[in-house]
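Nothing here was measured: the structure is a model prediction, and the numbers come from that model.
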Amino acid sequence: MGSWSSIYNNAMYGIKYNTSTIARLEEQQSTGSKIIRFSDDPANANRISTLLDNAKSLEEYTNNIREVEMLLNEADNAMSSMSDLVSRVSVLVTQASNGTYQVANREAMAEEIDSILEQMVGLANHKVLGKYVFGGMDSIDAPYTVEREDGKISSVSYGGSQYEQLVPVGPGVKFSGLLVGDDIFSDDNRQDPVFTGNTGASSGIGTSNVSGDLWLDVKHTGTDFDTASTGLTAGTSSTGGDTILGTHSISIDNVAKTISLDGGVAISYTGTETDLKLTNSDGDVAYVNTTAGLNTGTFNITANGELSIAGGTAAAIDFTDDHISVIDPETGKFLYVDGRNIIRTGTEAVQVPGTYDLFNTLVSARDMMANTRNLSLDEQINFLGQIGGSLEQVSKRFTQKMTVVGGRLGGLDQLGQTLDNLQFNNTSEASGLQQADVVEIAVELARAEVFYQASLQVAGKVLSMSLLDYI
């Protein structure tokens, strides 16, 4: 009985096995897939799953690359347009600084620069897919805001992020298509402020945080003529008219009836003057009143003053202080001034090398071209030349950043091609493991059907036997 049972079980197993094999092969033939269920081939099924996961990850990287490339291309196009505009301003400033142009010509140039400035701010606030390309991580809000006076831009400030929004574009590789405008359009190599006037003011001890070009107003507030010693009092024009600051000397000859300032030309007096003008050899002025009766001798007098920027809060001049802080009311930033050598009133053009930005340099160029401070022609031409140097400085950094963007685009293109190849290899290998070989399946199916028929024949023979077959 044991032998009979074994024959029967083997026959039934053969039928079931071959039936299952035929069903599997027919399913593979109809679907074209060699692995339909994980149990069909666990090892290759796991390999296929890994390959497809890799391909999906690579596809996500590729999509990120496309978006970053699009943003960088938009930024590159905007920067290219801005570069052309800056080149035009450089030409205008160079032309105007040679002194051959008339006032009307420079005023027309100022209007053109103003139009260019408006275009520049618009390009700096360029938006793609709802994102500002020069705002860094803060891509929702416009990175650049402007202040206006009489409808014209008076200052431009950056309010975007100081950090780029990095996006994964490959395993362990991140790129950003949203750039930090402050890093592109501004220089970042702060140096000591340079004072280009003749008041005697200079850069104070400490690090100022003002930037670009600004004007420091050095004003007279009153002169102490040491009346007890000299007999002089302030003339009626002294407060607003004296141009001396700090310690100066007055020489009085009561016999010759003359007075001189700092050893300059001696001026005759009668003792009845209420507003006598004295001028020293440098052209500095002091107005005196001689009616109180004068004393012979040479005496020191002190002229007091104050410093301010753009009409902001004035800082009294301490002629012994090398660290006077003057606040710029437009930015809230401060300038340290050395007051020890200040000798006269005036307006100091202050430049802070290494802190320029394109936009406010254009503001300076426009205003200087229009001569909004009513400077002499020589002063205007001189300052236009200085602004041209500032524009060249910040343009150089801008050009370097354009090169960086171009390099990023080139690197992304190569990375994209590499990822495309990797993705193709992964999907191709997975497809090779997954797809069924039609010819191979046909051969195996034919073989399985032969075995199946043989199993049926064996089973039929076994099941038809009886005890009589053994008698």
Kindly indicate whether the side chain of D183, heavy atoms from C-beta on, has any atom under 4.5 Å from the side chain of R397.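 With C-beta onward as the side chain, the pair touches.
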
Decide yes or no for I343 and L245: does some side-chain heavy atom of the first lie under 4.5 Å from some side-chain heavy atom of the second?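 The answer is no; the side chains never approach within 4.5 Å.
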
Could you check whether [Y] and [X], counting side-chain N and O atoms only, form a donor-acceptor pair closer than 3.5 Å?
{"X": "N289", "Y": "T291", "answer": "yes"}
{"X": "N300", "Y": "S249", "answer": "no"}
{"X": "E273", "Y": "T290", "answer": "yes"}

Do side-chain atoms of [X] reach the backbone of [Y] as a donor and acceptor pair under 3.5 angstrom?
{"X": "Y158", "Y": "S161", "answer": "yes"}
{"X": "E164", "Y": "V180", "answer": "no"}
{"X": "N254", "Y": "L294", "answer": "yes"}
{"X": "D322", "Y": "D338", "answer": "no"}
{"X": "D213", "Y": "T361", "answer": "no"}
{"X": "N125", "Y": "Y144", "answer": "yes"}

Determine the interplanar angle of the F185 and F359 rings, folded into 0 to 90°, and report it as parallel if under 30°, tilted if 30 to 60°, perpendicular if over 60°.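 Geometry flag for F359 against F185: perpendicular rings.
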
Can you confirm whether more than 12 heavy atoms, excluding those of E118, are under 6.0 Å from its CD atom?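 Count over threshold, so yes.
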
Taking the six-membered ring for Trp and the single ring otherwise, decide whether the centroids of Y132 and F134 are under 6.0 Å apart.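 So the answer is no for these two rings.
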
